Amino acid sequence: MRCPWAEHSDIERDWHDNEWGRIVRDDRGLFELLTLKGAQAGLAWRTVLNKRDAYRSVFHDYDIARIAAMDDDEMARAMADRSIIRHRLKVMSVRTNARIVQAMAVRGESLGEVLWAHTGGEPIVNAHAHPRELPMRTAVSDRMALDLRRRGFRYAGTAICYGLMQSAGMVDDHLASCERHGQGLR
């Protein structure tokens with residue numbers, strides 16, 4: 001049995017079964033999830049998943065240094081690319097956020113360490129019985145969003161942060177009845 005939200009399409013089933021809630025600690029992987037969760041704002045997750053390969057292509061397979069170095073012409077081409085979500089602020093946030101992650105690295109910080117610090121470095125394992133119990137945000141995601149906002153990140157509000165936490169295994173929100181609940185799979 002899997003979480004009911006994943007039963008809407010093959011791509012959502014695959015995401016649920018193979019990625020959602022698996023622990024991600026590396027900056028590149030977390031940056032991809034932050035980017036995709038930011039792109040999702042106001043849209044269905046399956047819409048973003050269907051464009052995931054295009055995002056990887058447009059944004060240099062999430063090579064943070066290459067994204068940070070994208071010039072205005074390259075960003076304009078990204079904005080015109082119909083294979084991604086062409087919301088100007090969402091697209092521009094990818095370069096802005098990459099530059100912030102790059103500046104953090106210069107200071108000896110990693111995105112992974114900063115994000116995981118909000119959970120004490122370990123996953124938060126919930127045991128929700130019904131989908132209606134799943135929160136859109138928590139006090140932890142509120143603090144994470146505030147931290148990221150203070151650093152200058154864009155499209156990193158509390159709901160986006162909570163979605164990132166779920167995706168990266170920082171919080172296990174598989175329903176208690178789901179076969180993936182509690183697996184974490186590092």
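Keep in mind that what you see is a predicted model, and the values were worked out from it rather than measured.
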Please report the interatomic distance [atom1]([X]) to [atom2]([Y]), rounded to the nearest 0.5 Å.
X	Y	atom1	atom2	result
Leu115	Ser110	CG	OG	8.0 Å
Met92	Met75	CE	CE	4.5 Å
Gln183	Asp172	CD	CG	9.0 Å
Ile64	Ile100	CD1	CD1	11.5 Å
His130	Ser177	NE2	OG	9.0 Å
Met70	Asp63	CE	CG	11.0 Å

With [X], which residues qualify under side-chain hydrogen bond (donor to acceptor under 3.5 Å, both in side chains), at least two apart?
X	value
Asp53	none
Glu74	His60
Arg2	Glu7, Asp17
Asp81	Ser83

>> Let's go through Asp27 and Tyr62 carefully: what are the C-alpha distance in whole Å and the side-chain angles of both, what is the deciding distance for side chain to side chain contact (heavy atoms under 4.5 Å, CB included) to 0.1 Å, and is it a yes or a no?
In response: CA-CA 9 Å; Asp27 285 5; Tyr62 295 100; over 6 Å; no

> Do Tyr162 and Asp173 pass the side chain to side chain donor-acceptor pair (under 3.5 Å) test, and can you show the C-alpha distance, the side-chain angles, and the key distance before you say yes or no?
Replying inline: CA-CA 10 Å; Tyr162 196 72; Asp173 268 349; 2.5 Å; yes

>> Checking His118 now: which residues fulfil ring pair (Phe, Tyr, Trp, His ring centres under 6.0 Å) with it, not counting sequence neighbours?
In response: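 Per chain and number, His118 pairs via ring pair (Phe, Tyr, Trp, His ring centres under 6.0 Å) with no residue.
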
> Please walk me through it: do Phe153 and Asp147 pass side chain to side chain contact (heavy atoms under 4.5 Å, CB included)?
Replying inline: CA-CA 9 Å; Phe153 280 84; Asp147 182 12; over 6 Å; no

>> Could you walk me through whether Ile67 and Gln102 satisfy the side chain to side chain contact (heavy atoms under 4.5 Å, CB included) test, starting with their C-alpha distance in whole Å, then the side-chain angles of each, then the deciding distance to 0.1 Å, before giving a yes or no?
In response: CA-CA 10 Å; Ile67 297 168; Gln102 200 172 40; over 6 Å; no

Search all heavy atoms of [X] against all heavy atoms of [Y] and return the closest pair with its distance.
X	Y	answer
Ala68	Ala98	N-CB, 3.8 Å
Leu111	Leu30	CD2-CB, 4.1 Å
Ser167	Lys37	OG-CE, 3.2 Å
Pro123	Gly169	CB-O, 3.3 Å
Ala168	Leu33	CB-CD1, 3.8 Å
Gly152	Thr96	O-CG2, 4.1 Å

> Just checking, Arg180 and Trp20: is the charged tip under 6.0 Å from the six-membered ring centre and within 45° of the axis?
Replying inline: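 No.
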
Find out whether [X] and [Y] are in side-chain contact, i.e. whether some heavy atom of one side chain is under 4.5 Å from a heavy atom of the other.
X	Y	value
Ile11	Trp15	no
Ile160	Leu34	yes
Val91	Phe59	yes

> Residues in side chain to side chain contact (heavy atoms under 4.5 Å, CB included) with Pro131, at least two apart?
Replying inline: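 So Pro131 forms a side chain to side chain contact (heavy atoms under 4.5 Å, CB included) with Pro4, Leu175.
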
>> With no hydrogens and no angle check, just 3.5 Å: does a side-chain donor-acceptor pair link Tyr155 and Asn97?
In response: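 No - no donor-acceptor pair under 3.5 Å links their side chains.
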
Show me the donor-acceptor pairs within less than 3.5 Å that the side chains of residues 44-51 make with the rest of the protein, sequence neighbours left out.
unit_1	atom_1	unit_2	atom_2	d
Arg46	NE	Glu12	OE1	3.1
Asn50	ND2	Arg46	O	3.0

> Same cluster or not: are Leu164 and Val125 linked, directly or through other Ile, Leu, Val, Met, Phe, Trp or Tyr residues, by side-chain heavy atoms under 4.5 angstrom apart?
Replying inline: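 Different clusters: Leu164 never reaches Val125 through Ile, Leu, Val, Met, Phe, Trp or Tyr contacts under 4.5 Å.
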
Residues in salt bridge (charged side-chain N to carboxylate O under 4.0 Å, His left out) contact with [X], at least two apart in sequence or another chain:
X	answer
Asp142	Arg137
Arg95	Asp72
Arg52	Glu19, Glu32
Arg149	none

> For His128, does its backbone N or O pair with a side-chain atom of Asn126 as donor and acceptor, under 3.5 Å?
Replying inline: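 Not a single qualifying donor-acceptor pair exists.
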
> Would a distance-only check, ignoring hydrogens and angles, find a side-chain to backbone donor-acceptor pair under 3.5 Å from Lys90 to Thr35?
Replying inline: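 Answer holds: no.
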
>> Run the side chain to side chain donor-acceptor pair (under 3.5 Å) test on His16 and His174 for me, step by step, so that the C-alpha distance in whole Å, both residues' side-chain angles and the decisive distance to 0.1 Å come before the verdict.
In response: CA-CA 9 Å; His16 173 275; His174 287 281; 3.1 Å; yes

> Pick from Leu146, Val171, Thr158: which one makes a side-chain contact (heavy atoms from CB on, under 4.5 Å) with Ser141?
Replying inline: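 It is Thr158, the one option of Leu146, Val171, Thr158 that forms the side-chain contact (heavy atoms from CB on, under 4.5 Å) with Ser141.
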
>> Checking side-chain contact (heavy atoms from CB on, under 4.5 Å) between Met170 and each of Arg25, Glu122, Met165, which is the one that passes?
In response: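 So, applying the side-chain contact (heavy atoms from CB on, under 4.5 Å) to Met170 and each of Arg25, Glu122, Met165, only Met165 qualifies.
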
>> Considering only residues two or more places apart or on different chains, which pairs with a residue in residues 96-116 satisfy salt bridge (charged side-chain N to carboxylate O under 4.0 Å, His left out)?
In response: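 Of all non-adjacent pairs touching residues 96-116, those that pass salt bridge (charged side-chain N to carboxylate O under 4.0 Å, His left out) are Arg107-Glu109, Glu109-Arg151.
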
